[in-house]
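Input: a single structure, listed below in structure tokens.
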Number of protein chains: 2
Amino acid sequence: MDRMPIQVKNTFNPVELRGLLRTGGLKATRSRLAILGVMRRTKHPLSPQEIIERLGKSFDQATIYRFIKKLQARGIIRQIDLRHNHAHYELFDLNDHHHLICMRCGRIEDVSGCEIEDAYNAILRSAKDFSEIRQHSLEFYGICRNCGKHKA
Amino acid sequence: MDRMPIQVKNTFNPVELRGLLRTGGLKATRSRLAILGVMRRTKHPLSPQEIIERLGKSFDQATIYRFIKKLQARGIIRQIDLRHNHAHYELFDLNDHHHLICMRCGRIEDVSGCEIEDAYNAILRSAKDFSEIRQHSLEFYGICRNCGKHKA
DNA sequence: AGTTTATTGCAAGTAATTCGCATTTAGATT
DNA sequence: AATCTAAATGCGAATTACTTGCAATAAACT
């Protein structure tokens, strides 16, 4: 394949998607590249069903769910809790960001720069039974401007 | 119908449980007092099924789920994402605390004192589409000491 | 090209949550 | 205390979310 220019964080090109999989010991199948492609080009967390919809053609759920598990175990994606009754996922982003979620309409906005990482050590020091923190999840639930206009 | 969250101090005795419900415009039935009782005396987040188990007698799921929704809408309980495939809930606690969750065995430890609240304003300032934050969720996922001993 | 092994697709299975509706009950009203 | 009414319950069925077993397929290594 052609050598691709160096990309900014998390702008995975096709080659990099392959590498991502290989590094994780995962085979790079057409489906998998397509799934990662969808996630890459969507800027908000996706549910498995949403991924299937975006893939266009009918796609087997089991395949998605199994793949998601592997991605998650390898830290390639992370799980986001939007408080719908199903999980959402997004590509792991080194620029740690979190989400503002509207409790009425579900609108999502990214918020960036939250120095939780700095708190890790303090938390570990105070923890009795834990020796390692691998990830965290931080979501803010509120009311978006639009919903704020219309009385509840 | 559903109202705005009401955050009441959490020093519940039986009488206060009644008041809690009344303030929320909810009828104080025997079942409801029992459910709140279970949540009060358990120090970790519970799933609807766990609540049913603890209630002893056979208990209708629909009743629990419906009640939980109302409690949540009123800010009496909050939802915790332990990344099992179902939601967990705990009584809302003004002493804001969060959870360390073991990614292997699911063990939970509380961590307290995380000054996220102070970040609310900063976050709102930087937010484009949000005018109000009502709650947040912060969970840390890691490996507990016990699981840390045994190699993965 | 051939072999190995991970991955897929399908169909069935389980778990989690919701809904509709007839019945009951808490709490306000008389 | 008896009555009234809206809210809550119980039940069964429905829906949604996710998982599993297994035979067929395709990636990656030789």
Side-chain angles (χ1 to χ4, degrees), chain A residues 1 14-15 17-38 45-74 76-77 79-89 106, chain B residues 1-3 14-15 17-38 45-74 76-77 79-89 106:
Chain A
M1 285 280 121
V15 176
L17 289 184
R18 284 198 120 82
L20 203 56
L21 290 170
R22 160 159 319 191
T23 314
L26 298 171
K27 288 186 179 175
T29 68
R30 181 164 303 189
S31 320
R32 288 179 167 186
L33 291 172
I35 293 169
L36 289 175
V38 165
L46 289 166
S47 69
Q49 295 305 328
E50 285 170 329
I51 294 173
I52 290 175
E53 284 164 22
R54 274 153 208 260
L55 285 172
K57 26 213 76 195
S58 80
F59 204 92
D60 189 61
Q61 324 183 22
T63 302
I64 291 260
Y65 280 108
R66 280 185 289 225
F67 185 41
I68 282 178
K69 274 211 166 171
K70 303 211 166 193
L71 290 174
Q72 219 184 342
R74 285 160 183 78
I76 296 173
I77 61 174
Q79 181 172 343
I80 308 292
D81 176 33
L82 301 183
R83 299 199 179 161
H84 304 180
N85 280 335
H86 48 267
H88 287 73
Y89 303 90
Chain B
M1 278 295 116
D2 292 336
R3 307 190 175 176
V15 176
L17 287 184
R18 284 196 118 82
L20 201 58
L21 290 170
R22 159 159 320 191
T23 315
L26 298 171
K27 289 185 179 176
T29 68
R30 181 166 305 191
S31 319
R32 288 179 167 185
L33 292 172
I35 293 170
L36 289 175
V38 165
L46 289 167
S47 69
Q49 296 304 330
E50 284 170 329
I51 295 173
I52 291 176
E53 284 163 22
R54 276 153 206 260
L55 285 173
K57 27 213 74 194
S58 81
F59 203 92
D60 189 61
Q61 323 185 19
T63 302
I64 289 260
Y65 280 106
R66 280 184 290 224
F67 185 42
I68 282 178
K69 275 212 166 170
K70 304 212 165 195
L71 290 175
Q72 218 184 344
R74 285 159 182 78
I76 296 172
I77 61 173
Q79 181 171 344
I80 308 292
D81 177 33
L82 301 183
R83 296 199 180 162
H84 304 178
N85 279 336
H86 48 265
H88 288 73
Y89 303 89

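Naming: A, B, ... by sequence-line order, numbering from 1 per chain. No hydrogens, no waters, no symmetry mates; every other heavy atom, side chains included, goes into these values.
Considering only residues two or more places apart in sequence or on other chains, B/Ser47 meets the side-chain hydrogen bond (donor to acceptor under 3.5 Å, both in side chains) condition with B/Glu50. Under the rule for a side-chain hydrogen bond (donor to acceptor under 3.5 Å, both in side chains), the partners of A/Gln79 that lie at least two apart in sequence or sit in another chain are A/Gln72.
No donor-acceptor distance shorter than 3.5 angstrom exists from the side chain of B/Arg54 to the backbone of B/Val38, with no hydrogens or angles considered. Side-chain atoms of B/Arg22 never come within 3.5 Å of backbone atoms of B/Arg18 as a donor-acceptor pair (strictly under, hydrogens ignored). Between the side chain of B/Arg32 and the backbone N or O of B/Lys27 there is at least one donor-acceptor pair closer than 3.5 Å.
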Nucleic acid footprint by protein, nucleotides 25-30 of chain D - heavy-atom cut-off 4.0 Å, B for base, S for sugar-phosphate alone: --BS--
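Atom pair B/Leu55:CG and D/dG10:P shows a separation of 11 Å (rounding to whole Å applied). For the pair B/Lys70 NZ and D/dA7 P, the interatomic distance rounds to 8 Å; values are reported in whole Å.
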Name the atoms and distances for all side-chain donor-acceptor pairs under 3.5 Å in residues 56-65 of chain A, with sequence neighbours left out.
{"residue": "A/Asp60", "atom": "OD2", "partner": "A/Ala62", "partner atom": "N", "Å": "3.2"}
{"residue": "A/Asp60", "atom": "OD2", "partner": "A/Thr63", "partner atom": "N", "Å": "3.4"}

Could you go through nucleotides 16-19 of chain D and list every protein N or O atom that sits under 3.5 Å from one of its N or O atoms, giving the distance for each pair?
{"residue": "D/dA17", "atom": "OP1", "partner": "A/His86", "partner atom": "ND1", "Å": "2.6"}
{"residue": "D/dC18", "atom": "OP1", "partner": "A/Ala87", "partner atom": "N", "Å": "3.1"}
{"residue": "D/dC18", "atom": "OP2", "partner": "A/Tyr65", "partner atom": "OH", "Å": "2.9"}
{"residue": "D/dC18", "atom": "O3'", "partner": "B/Asn85", "partner atom": "ND2", "Å": "2.7"}
{"residue": "D/dT19", "atom": "OP1", "partner": "A/Lys69", "partner atom": "NZ", "Å": "3.3"}
{"residue": "D/dT19", "atom": "OP1", "partner": "B/Asn85", "partner atom": "ND2", "Å": "3.2"}

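Nucleotides of DNA chain C lying under 4.0 Å from heavy atoms of chain B occupy a range whose first and last members, 5' to 3', are C/dA16 to C/dG27.
Inter-axis angle, ends of the helix from C/dA1-D/dT30 to C/dT30-D/dA1, five pairs per end, rounded to 10 degrees: 50°.
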